[in-house]
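Note sheet for the following structure.
One-based numbering, in listed order, for ligands and for the atoms of each.
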Amino acid sequence: MLFSPSGISECVQEWNDLEKDYQHVQETHRLYKQKLEEVSKLQESCTTAITRQRKKLKDLTVSLEECKEKLNPEEMNVIDGIQESIRDRPNVFFEMESFLPKKNGLYLSLVLGNVNVTLLNKQSKFAYKDEYEKFKLILTVILFVFSFTCRFVVSYRALDALFNFLLVWYYCTLTIRESILISNGSRIKGWWVFHHYVSTFLSGVMLTWPEGKLYQMFRSQFLTYCLYQIGFVQFLQYYYQSGCLYRLRALGERHNMDLTVEGFQSWMWRGLTFLLPFLFFGHFWQLYNGVTLFRMAQLPECKEWQVVMCGCSYLALFMGNFFTTLGVVYQKYMNNQDKSKSL
Ligand code: COA
């Protein structure tokens with residue numbers, strides 16, 4: 001319990017103690033500001049040094065290629081060694097830059113203005129990513145319940161509109177959070193972020209699709225797809241992604257350890273093999289949605305522009321998701337092969 005003075009002498013005594021403590025607070029704060037300035041200067045000099053290094057390494061790479069033509073085998077070995085080290089540098093600089101403040105990209109500048117979004121330590125970065133995964137999980141549950149209600153309980157256009165509005169908001173929020181994650185060193189592939197822009201657009205178009213025969217024709221297929229993709233598959237994805245996050249955090253550095261920790265590798269492959277059939281099934285469902293919508297667009301009673309727009313969006317989602325996922329699996333497979341060869 002806090003001491004509360006009674007009587008003038010205790011009050012004066014308390015004031016004197018507070019005065020001493022106040023001096024201490026001022027001194028600590030002065031030191032804090034001084035350190036902040038030092039940190040700002042260090043950040044600036046690191047950023048400048050990295051830019052300089054990048055430029056010089058680029059020039060050196062060109063010069064080395066030119067030298068290669070007239071060298072003996074011994075000198076070639078030296079050059080190979082240098083080139084090997086140069087190849088590692090972009091990764092190192094990428095990790096370094098994830099701890100340095102940088103100018104926001106166009107999207108973040110438009111949404112947030114020019115505020116610094118770089119988190120300066122690993123714990124905060126982990127906490128932010130963890131919160132992003134939990135946010136997706138909570139919204140997955142809400143959207144699952146919502147789509148289930150629309151599909152099986154209540155058939156009411158206004159409720160569908162509310163569901164689509166929630167989707168627009170959800171995907172918009174994801175694009176902002178993912179841009180912040182990328183600024184903090186996350187290696188999310190550009191497509192996944194772009195996929196959320198396309199999904200925002202698609203949900204926005206669905207929101208404006210007026211009630212009518214065509215809307216009713218597509219409604220059940222759309223809601224069942226949402227139940228599967230946004231509810232079920234996203235839940236599996238959450239299990240996999242958060243599993244990766246916690247395991248890699250326990251191991252230490254994510255990207256450097258990716259290729260070296262066998263226990264993690266085998267867990268990841270087991271998770272992926274389980275997840276991939278469900279992912280691919282979802283991708284082909286997107287293709288099926290696209291084809292259904294294009295077929296509907298051929299009908300004489302089709303007057304709504306939303307049919308073709310949604311069809312195009314589903315086709316874009318199918319192609320992007322399918323080929324990016326194949327690319328990710330291929331890349332992981334090749335990394336695994338390289339690792340086995342080097343052992
Ligand atoms: N959305 C958001 N972030 C993603 C992502 C996605 N679909 N896929 C990968 N990432 C993130 C990872 O969390 C990781 O982040 P980090 O650098 O901050 O740790 C980074 O991107 C690199 O991940 P990577 O190693 O390439 O892949 P992974 O092993 O984490 O996941 C898949 C691989 C195939 C499971 C994943 O890409 C995926 O789920 N793809 C399918 C998504 C899809 O088709 N959705 C359908 C529409 S909802």
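- Between Phe284 and Phe322, the distance from one ring center to the other falls under 6.0 angstrom.
- Taking the six-membered ring for Trp and the full ring otherwise, the centers of Phe126 and Tyr246 sit less than 6.0 Å from each other.
- The shell of residues lying under 4.0 angstrom from ligand 1, judged by heavy atoms, excludes Leu245.
- Between Phe281 and Tyr228, the ring centre distance stays below 6.0 Å.
- Between Tyr132 and Tyr128, the ring centre distance reaches or exceeds 6.0 Å.
- Contact analysis leaves Gln331 out of contact with ligand 1, as no non-hydrogen atom separation drops below 4.0 angstrom.
- Within ligand 1, counting atoms from 1 as listed, the ones closer than 4.0 Å to a heavy atom of Lys332 are 24 (P), 25 (O), 27 (O), 28 (P), 29 (O).
- With no hydrogens or angles considered, a side-chain donor-acceptor pair links Thr208 and Gln306 at under 3.5 Å.
- Residue Gln237 places at least one N or O, backbone or side chain, under 3.5 Å from an N or O of ligand 1.
- Ion pairing between a basic and an acidic side chain is recognised when a charged N comes within 4.0 Å of a carboxylate O; Glu65 and Lys58 show no such pairing.
- A ring-centre distance under 6.0 Å is found for Tyr107 and Tyr197.
- Taking 4.0 Å as the cut-off, His195 counts as a neighbour of ligand 1 on heavy-atom distance.
- Asn321 is listed as a side-chain neighbour of Trp192, based on a closest heavy-atom distance under 4.5 Å.
- Within the structure, the closest approach of Tyr132 to ligand 1 falls below 4.0 Å when heavy atoms are considered.
- Not less than 6.0 angstrom separates the ring centroid of His283 from the ring centroid of Phe318.
- Between atom 42 (C) of ligand 1 and the options Phe278, Trp192, Tyr238, the minimum heavy-atom separation is to Trp192.
- In terms of polar-atom proximity, defined here as any N/O pair under 3.5 Å, His196 makes no such contact with ligand 1.
- By the 4.5 Å heavy-atom criterion applied to side chains, Glu97 and Cys46 are not counted as neighbours.
- When ring centroids are compared, Tyr288 and Trp285 stay outside the 6.0 Å threshold.
- Atom 29 (O) of ligand 1 has its nearest heavy-atom neighbour, among Tyr240, Trp285, Trp191, in Tyr240.
- Residue-level proximity to ligand 1 for Ile188 is carried by backbone and side chain together, each with a heavy atom below 4.0 angstrom.
- A donor-acceptor pair shorter than 3.5 Å can be found between the side chains of Tyr225 and Gln286.
- Below 4.0 Å from some heavy atom of Lys189 lie the following atoms of ligand 1, by number and element: 26 (O).
- In this model, a donor atom of one side chain and an acceptor atom of the other lie less than 3.5 Å apart for Thr140 and Gln234.
- Closest heavy-atom approach to atom 34 (C) of ligand 1 within the set Ile182, Asn184, Thr325: this belongs to Thr325.
- For the residues Lys136, Gln241, His283, Glu133, the heavy atom positioned nearest atom 10 (N) of ligand 1 is part of Gln241.
- Of the heavy atoms in Met268, none comes closer than 4.0 Å to ligand 1.
- Atoms of ligand 1 lying under 4.0 Å from at least one heavy atom of Leu275, given by number and element, are 35 (C).
- Remark: ligand 1 and Gln286 share no N or O pair separated by less than 3.5 Å (distance only, no angle test).
- Here Val233 has no heavy atoms under 4.0 Å from ligand 1, in either its backbone or its side chain.
- Taking any N or O of Asn321, backbone or side chain, none lies under 3.5 Å from an N or O belonging to ligand 1.
- Those atoms of ligand 1 with a heavy atom of Ser186 less than 4.0 angstrom away are 15 (O), 16 (P), 17 (O), 18 (O).
- Here is the list of ligand 1 atoms found below 4.0 Å of a heavy atom in Gln229: 46 (C), 47 (C), 48 (S).
- For ligand 1, the atoms lying closer than 4.0 Å to a non-hydrogen atom of Leu272 are 35 (C).
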